[in-house]
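Here the structure comes first, spelled out in structure tokens, and everything after it is commentary.
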Amino acid sequence: MSSDKDRDSASSSGPEIATPTTSGPPSPQLTASQQYPAAPPSGENHHHILILLSLIYPATIVLGSLFSIISPIGQSASYFSRKNNIFNVLFVKIGWFWTTAAFLVHIANLRHPNATHARSKALIRWGLATLAWILVTQWFFGPPLMDRTFTGTGGACRPNYAVQPSSLAIKAERASTSAACKGAGGKWDGGHDLSGHAFMLTHASLFLWAETLPRLVDSMWRGTIGPRNISPLMAEWFGVHWFVWGILGLWWWMLLMTSVYFHTWPEKVSGWLVALFEWGILYAYMIPLNPQARQWFGTPTV
Ligand SMILES: CCCCCCCCCCCCCCCC(=O)SCCNC(=O)CCNC(=O)[C@H](O)C(C)(C)COP(=O)(O)OP(=O)(O)OC[C@H]1O[C@@H](n2cnc3c(N)ncnc32)[C@H](O)[C@@H]1OP(=O)(O)O
């Protein structure tokens, strides 16, 4: 892992990351042959690539849902149709933790000339993404938005008096969150059950794409220079990008599995739409188009 600490202290008055760019002075760690042969892709290009990448997720939901209707494989049970599959239990169920870890690896390796400043702005953007995740899935002045949507559309926790002890059944009847309902052995039933998986996997993936795209594009750009640079390029990929790519790949696969085996169309689509909200405002609208927002939140960088 490379560190920019020395450079930061040497150039603490480095450029503000106020405009979307991957450029900046060439890194002193790179030899002349590794530096850009011409202008690297601009922030505007990143914006276009990001919008294109964001289409992967609705396409995946459509593809998975169609597969579940058309294919006999999609209609029969498989390892991934089990809720206790290891990828669900160890990764998705604590998905924000893994997303955060991948993001932290990325920002620890920034080679921006003023990396300390770039990191603190990146942490602010992570804070906003975390807040959006909390409000939708964990807490919104009480039950989270996904549970409020459920109860607001007629859903409730239905106890099963026949098999539950009455104390638990009463607890289930009063439960206002899916977690409390499940804990009391009730059935979360009857409302619009926005897919938490579709939301979290899309939200986390879009956040990671937006944050890491300038660096990914920059690495690919350097890769066009010549065979001499294969080793530094490999070092870059295995040192910096592998974690982000691993998480992005796993999130995509799990979204596909959710689309094939779980939830209804409207529940998956609403999960995806809600995931667009914070990302759309911050990365697709404010950062590319509003200079003031770039002052406040910075811009994802290399
Ligand atoms: C300068 C300043 C410096 C500051 C310096 C700061 C330093 C900075 C330090 C940071 C330090 C790190 C800090 C990180 C902090 C965290 O981020 S820790 C947080 C860790 N926690 C998490 O990540 C939790 C993430 N999980 C969730 O939010 C929820 O579980 C989810 C993902 C939204 C899913 O919710 P859900 O209830 O499962 O709902 P849903 O998707 O609708 O699924 C319904 C059912 O279908 C099942 N299902 C759906 N799809 C699937 C599938 N594909 N496969 C199997 N089952 C499925 C579900 O399992 C579920 O089953 P049940 O469990 O109900 O039986």
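Counting convention: from 1, in listed order, for ligands and their atoms alike. The residues of the chain are indexed from 1 along the displayed sequence.
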Q.
Any heavy atom of R82 closer to ligand 1 than 4.0 angstrom?
A. yes
Q: Give a yes-or-no answer on whether the side chains of Y261 and Q75 include a donor-acceptor pair shorter than 3.5 Å.
A: no
Q.
On a heavy-atom basis, I'd like to know which of M254, H197, H203 is closest to atom 41 (O) of ligand 1.
A. H197
Q | V244 side chain near V105 side chain, heavy-atom distance below 4.5 Å | A | no
Q: Answer yes or no for S195: is there a heavy-atom contact with ligand 1 below 4.0 Å?
A: yes
Q) Does ligand 1 have any atom that is closer than 4.0 Å to a heavy atom of T99? A) no
Q.
side chain to side chain donor-acceptor pair (under 3.5 Å) for Y57 and W209? Distances and angles first, verdict last.
A. CA-CA 12 Å; Y57 301 96; W209 276 122; 2.8 Å; yes
Q: For atom 52 (C) of ligand 1, state which one of F262, Y79, W133, W253 supplies the nearest heavy atom.
A: F262
Q) Just heavy atoms, cut-off under 4.0 Å: does L201 contact ligand 1 by side chain, backbone, both, or neither? A) neither
Q. Looking at side-chain heavy atoms only, is the closest gap between P288 and E44 below 4.5 Å?
A. no
Q. Side chains of N85 and M254: closer than 4.5 Å at any heavy-atom pair?
A. yes
Q) Should one rank Q138, H263, M146, M200 by closest heavy-atom distance to atom 35 (O) of ligand 1, which comes out on top? A) M146
